[in-house]
Amino acid sequence: MNINTIEKKADEIKIQAVDNTIKTSLTKVYDKEGIVFYDFEINNKENGYIKPITLQWKIPAINVKGVWKPTTDFAKRIQADWELDHMESRISIDSPVISLFGNDDVNVLTFACANAIDKLEMNARIREEDNYFYCHITFFSEQEYKLKKFKTQLRLDYRNILFSNALMDVSQWWETFEVLKPAYVPAIAKEPLYSTWYQFHQDLDIPTLLKECKIASSIGYKAIIIDDGWQTNDNNRGYDYTGDWQPDRIPEMASFVSSIHNLDMKVALWYSVPFCGKKSKAYKKFKGKFLTEDHRWAPVFDPRYPEIRAYLINIYANAVKDWKLDGLKLDFIDDFRLYKDTPLGKENGRDYGSINLAVDRLLTDVITTLQNINPEIFIEFRQKYIGPAMRKYGNMLRAFDCPGDATMNRVRIADIKMLCGNTAVHSDMITWHVKEPVEVAALQMVNTLFGVPQVSVMLHKIPQDQLNMVSFYTEYWKENASILMEGDFIPSKPLANYPIKQIVKNNHRIIGVYDEYVITLNNKESKIDVINAQLNTAVILRMSKDLGIYELEVYNCKGSIVNKKDIILTKGLIEIETPACGLLRLTLKK
């Protein structure tokens with residue numbers, strides 16, 4: 001029996017409201033070919049705070065292997081209804097979507113909400129008493145601002161398609177809403193870049209930076225992000241001096257940026273947007289206009305004040321104008337949130353009651369202002385602020401920090417990529433110990449190739465074989481960038497951390513295999529590349545039918561060809577010896 005033919009639609013969606021005086025309505029507006037849309041509306045008699053309202057439904061637990069959420073990393077298992085907290089989504093945290101996937105990576109149910117700005121609580125957990133998944137979306141779990149009317153849309157997808165395709169369709173659906181239109185993505189956002197963070201931290205040295213840029217540029221890196229440290233001479237990895245954003249460590253910033261431009265590289269600077277350190281001048285100036293001062297790192301600016309927004313916008317605009325910057329790394333956006341001591345409401349000079357709406361206004365004004373100065377500006381955000389709202393203001397979304405963790409980098413790239421549309425998805429910065437064997441160091445590189453690589457190693461200090469490896473795979477990535485960035489992406493086996501990834505465009509398929517799995521080839525394609533992203537040296541292909549004669553080229557991780565011959569791909573299994581972290585290339589012979 002085909003398990004995918006079993007009826008699996010949800011029972012009636014129930015509305016659970018704490019305050020029964022609030023008028024609510026849920027209207028089905030579309031139901032066709034496995035996709036259902038509901039309009040959800042709220043009308044409040046008076047302009048006031050609305051208590052939590054939950055939409056809840058259940059579906060039978062049939063062929064559900066796991067539950068995908070945007071930033072759960074390795075934790076995609078099924079949860080029982082008595083464990084763990086709910087997923088939170090808001091403008092700067094996650095995305096309002098959950099996908100239940102089956103044993104064959106098929107979509108069982110993918111549900112999403114159009115409201116990507118306000119805080120939502122969501123989940124899909126199994127109840128052991130009846131073996132149903134209970135799904136819900138809760139609105140207004142934070143009563144941070146008053147409102148009279150509210151409207152959003154709910155999308156449920158039951159189609160028997162790959163769960164990854166269901167998620168990509170959600171991303172396209174979000175783009176249809178005017179308030180979620182993604183920002184323009186300049187070409188530089190899709191280029192590999194060099195980051196200072198993991199090697200320099202705050203200890204930036206101008207001659208060394210220029211030496212690194214010269215090498216990076218020569219092997220294909222087209223931008224550098226100068227991370228934390230440029231704005232202070234303090235080396236304590238703290239945020240006491242954030243808020244003023246003067247180039248204390250690099251006082252001749254315009255000249256320094258010009259020197260990097262002369263090396264054919266673009267330049268971006270890092271900013272911890274919400275933080276205002278207690279040793280800054282800005283802290284004294286804006287005393288009393290913080291969301292909290294009780295933060296482990298620094299007081300947090302309150303973006304509901306127009307003067308706070310204006311101050312931050314001017315900081316960035318002046319930097320781009322005066323120093324000729326090409327981009328900004330805007331960090332810690334997720335710290336704009338409601339704290340226990342945050343004052344509520346639109347009072348005392350605050351022109352927004354909602355923190356999330358104020359963040360939306362701030363970042364909208366930032367991207368608009370900067371694009372007026374430099375239309376090709378690139379803006380980087382990192383997980384967890386990688387949702388559909390953030391795509392309005394940023395054109396690069398980076399995997400959250402995972403230094404030295406190739407597997408986590410691979411997982412996070414895939415999770416972002418399924419929801420990012422045409423926004424550039426970047427790896428976390430690649431780093432490794434300088435004494436690492438080149439094949440092991442290459443694991444860091446090959447695990448990032450389905451995103452845009454970011455490198456953070458001292459290029460002038462690593463051995464030549466490691467530099468050759470970085471150069472080879474950077475060149476390979478750039479040669480195939482249009483496929484890797486724009487092709488049809490298929491990440492397999494999410495509970496096994498995507499041990500196989502594939503992407504195809506224009507009859508060219510690129511496959512990454514990260515563990516000892518058999519790769520199935522179903523179609524005769526003009527080019528097939530297999531990245532052997534493991535230390536095992538056997539690549540096993542299974543052909544579902546005869547595919548014809550191909551020219552085989554096998555490279556080691558340093559880019560040297562170790563085998564070249566013609567090979568017949570007939571139905572069945574074939575094992576091809578491929579060096580650890582090497583590349584196998586098949587080209588169809590006419």
Enquirer: Is the closest side-chain heavy-atom distance between S171 and M418 below 4.5 Å?
Expert: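 No, every pair of side-chain atoms sits at 4.5 Å or beyond.
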Enquirer: Please evaluate residues Y184 and N395 with respect to the criterion side-chain contact (heavy atoms from CB on, under 4.5 Å), reporting the C-alpha separation (whole Å), side-chain torsions for both, the decisive distance (0.1 Å), and the verdict.
Expert: CA-CA 7 Å; Y184 163 69; N395 37 44; 5.6 Å; no
Enquirer: Between K527 and E479, does any NZ, NE, NH1 or NH2 come within less than 4.0 Å of an OD or OE carboxylate oxygen?
Expert: no
Enquirer: Say whether, by atom type as modelled, one donor and one acceptor occur between the side chain of S217 and the main chain of K214 under 3.5 angstrom.
Expert: no
Enquirer: Say you draw a straight line from NZ of K69 to CD of E88; how long is it, rounded to the nearest 0.5 Å?
Expert: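 Atom-to-atom, K69:NZ and E88:CD are 12.5 Å apart.
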Enquirer: If I take atom OG1 from residue T587 and atom NE2 from residue H508, how far apart are they, to the nearest 0.5 angstrom?
Expert: 7.5 Å
Enquirer: Can you confirm whether the side chains of N532 and Q534 place a donor and an acceptor under 3.5 Å from each other?
Expert: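 Yes - a donor-acceptor pair under 3.5 Å links their side chains.
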Enquirer: Keeping the roles fixed (side chain from Y385, backbone from F332), state whether a donor-acceptor pair exists under 3.5 Å.
Expert: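 Looks like yes, one N/O pair under 3.5 Å.
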Enquirer: Closest approach of G220 and E191, non-hydrogen atoms and distance?
Expert: O-OE1, 4.5 Å
Enquirer: Would the number of heavy atoms belonging to other residues, nucleotides or ligands and lying under 6.0 Å from CG of D130 be above 12?
Expert: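 Enclosed: over 12 neighbouring heavy atoms sit under 6.0 Å from CG of D130.
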Enquirer: Atom CG in N480, atom CE in M485: separation rounded to 0.5 Å?
Expert: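 Answer for the CG-CE pair, N480 versus M485, is 13.0 Å.
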Enquirer: What class does the angle between the rings of W57 and F111 fall in, given that below 30° is parallel, 30 to 60° is tilted and above 60° is perpendicular?
Expert: perpendicular
Enquirer: Does a sphere of radius 6.0 Å around CD1 in I549 hold more than 12 heavy atoms from other residues, nucleotides or ligands, not counting ones at 6.0 Å or beyond?
Expert: no
Enquirer: What are the two closest non-hydrogen atoms of A112 and V170, and how far apart are they?
Expert: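 Here A112 and V170 meet closest at CB-CG1, 3.7 Å.
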Enquirer: Do D169 and I35 come within less than 4.5 Å of each other through their side chains, counting heavy atoms only?
Expert: no
Enquirer: What's the verdict on side-chain hydrogen bond (donor to acceptor under 3.5 Å, both in side chains) for D94 and T71, showing C-alpha distance, side-chain angles and the deciding distance?
Expert: CA-CA 6 Å; D94 267 321; T71 58; 2.5 Å; yes
Enquirer: Are the side chains of N115 and P96 in touch, meaning some heavy atoms are under 4.5 Å apart?
Expert: no
Enquirer: What distance separates I503 CD1 from L449 CG, expressed to the nearest 0.5 Å?
Expert: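 Reported to 0.5 Å precision, the distance equals 11.5 Å.
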Enquirer: Would you find more than 12 non-hydrogen atoms of other residues, nucleotides or ligands less than 6.0 Å from K493 atom NZ?
Expert: no
Enquirer: Is it the case that more than 12 heavy atoms not belonging to I561 sit under 6.0 Å from its CD1 atom?
Expert: yes
Enquirer: Are more than 12 heavy atoms from other residues, nucleotides or ligands located less than 6.0 Å from atom NZ of K181?
Expert: yes
Enquirer: Of the non-hydrogen atoms in P182 and E175, which two are nearest, and what is the gap between them?
Expert: CG-CG, 3.6 Å
Enquirer: Give, for atom CG of L547 and atom CD1 of I567, the distance between the pair rounded to the nearest 0.5 Å.
Expert: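 Here the rounded value is 11.0 Å.
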Enquirer: Do you see a donor-acceptor pair shorter than 3.5 Å between the side chains of T537 and E577?
Expert: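 Side chains of T537 and E577: pair found under 3.5 Å.
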Enquirer: Looking only at heavy atoms, which two atoms of V411 and D73 are closest? And how far apart?
Expert: CG1-O, 3.8 Å
Enquirer: For the residue pair S544 and N522, confirm or rule out a side-chain donor-acceptor distance under 3.5 Å.
Expert: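 The criterion, which ignores hydrogens and geometry beyond distance, is satisfied for N522 and S544.
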Enquirer: Taking the side chain as everything from C-beta on, heavy atoms only, tell me whether W197 gets closer than 4.5 Å to D428.
Expert: no
Enquirer: Below 30° counts as parallel, above 60° as perpendicular, anything between as tilted: where do the rings of F489 and F450 land?
Expert: tilted
Enquirer: Can a donor-acceptor pair be found, under 3.5 Å and without considering hydrogens, that links the side chain of S89 to the backbone of M87?
Expert: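 No, because the side chain of S89 does not come within donor-acceptor range (under 3.5 Å) of the backbone of M87.
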Enquirer: If we ignore hydrogens and angles and just use 3.5 Å, is the side chain of Y555 paired with the main-chain N or O of P579 as donor and acceptor?
Expert: no
Enquirer: Should Y498 and I413 be marked as a side-chain contact (heavy atoms from CB on, under 4.5 Å) after you check the CA-CA gap, both sets of side-chain angles, and the distance that decides it?
Expert: CA-CA 10 Å; Y498 309 117; I413 288 168; over 6 Å; no
Enquirer: Find out whether F101 and L495 are in side-chain contact, i.e. whether some heavy atom of one side chain is under 4.5 Å from a heavy atom of the other.
Expert: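 When only atoms from C-beta onward are counted, L495 and F101 do touch, with a gap below 4.5 Å.
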Enquirer: Do M396 and V452 have side chains that approach each other closer than 4.5 Å (heavy atoms only, starting at C-beta)?
Expert: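 Sidechains of V452 and M396: no contact.
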Enquirer: Working note: I386 + L419, criterion side-chain contact (heavy atoms from CB on, under 4.5 Å); need CA distance, chi angles, decisive distance, verdict.
Expert: CA-CA 9 Å; I386 43 78; L419 293 180; 5.7 Å; no
Enquirer: Should the pair Y473 and Y476 be assigned to parallel (<30°), tilted (30 to 60°) or perpendicular (>60°) ring geometry?
Expert: perpendicular
Enquirer: Could you tell me whether the side chain of T110 and the main chain of L167 form a donor-acceptor pair under 3.5 Å?
Expert: no
Enquirer: Determine, for D157 against R155, whether the closest basic-nitrogen to carboxylate-oxygen distance falls under 4.0 angstrom.
Expert: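 Yes, this pair counts.
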Enquirer: If you take all heavy atoms of W173 and A114, which pair is closest and at what distance?
Expert: CH2-N, 3.5 Å
Enquirer: Under the side-chain contact (heavy atoms from CB on, under 4.5 Å) rule, what do R391 and L397 come out as? Steps first, then yes or no, please.
Expert: CA-CA 8 Å; R391 291 183 63 204; L397 303 177; 4.1 Å; yes
Enquirer: Between S492 and Q502, is there a side-chain donor-acceptor contact under 3.5 Å, judged purely by atom types and distance?
Expert: no
Enquirer: At their closest point, which heavy atom of A538 faces which heavy atom of N536, and how far apart are they?
Expert: O-ND2, 3.3 Å
Enquirer: Would you say that K329 contacts R398 through its side chain, given a criterion of any heavy-atom pair below 4.5 Å between the two side chains?
Expert: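 In contact.
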Enquirer: Test your reading of the model: is there a side-chain donor-acceptor pair from E83 to the backbone of A80, 3.5 Å cut-off?
Expert: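 It does hold such a pair.
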Enquirer: Examine distances only and state if a side-chain atom of N556 and a backbone atom of K558 form a donor-acceptor pair shorter than 3.5 Å.
Expert: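 A pair under 3.5 Å: yes.
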Enquirer: So, the side chain of S471 versus the backbone of N468: is there a donor-acceptor pair under 3.5 Å, distance only?
Expert: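 Looks like no, no N/O pair under 3.5 Å.
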Enquirer: May I ask you to decide if R159's main-chain N or O and N107's side chain share a donor-acceptor pair within less than 3.5 Å?
Expert: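 The answer is yes, because a donor-acceptor pair under 3.5 Å joins these two groups.
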Enquirer: Regarding K76 and D415, does a basic nitrogen lie under 4.0 Å from an acidic carboxylate oxygen?
Expert: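 So K76 pairs with D415 through a salt bridge.
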Enquirer: Do R125 and H86 have side chains that approach each other closer than 4.5 Å (heavy atoms only, starting at C-beta)?
Expert: yes
Enquirer: If only atom types and distance count, is the side chain of N523 paired as donor or acceptor with the main-chain N or O of E525 below 3.5 Å?
Expert: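 Looks like no, no N/O pair under 3.5 Å.
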Enquirer: Measuring from K524:NZ to M543:CE, what's the distance to the nearest 0.5 Å?
Expert: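 One gets 13.0 Å once the value is rounded to the nearest 0.5 Å.
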Enquirer: Less than 4.0 angstrom from a charged side-chain N to a carboxylate O is my criterion; do R585 and D529 meet it?
Expert: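 A salt bridge links R585 with D529.
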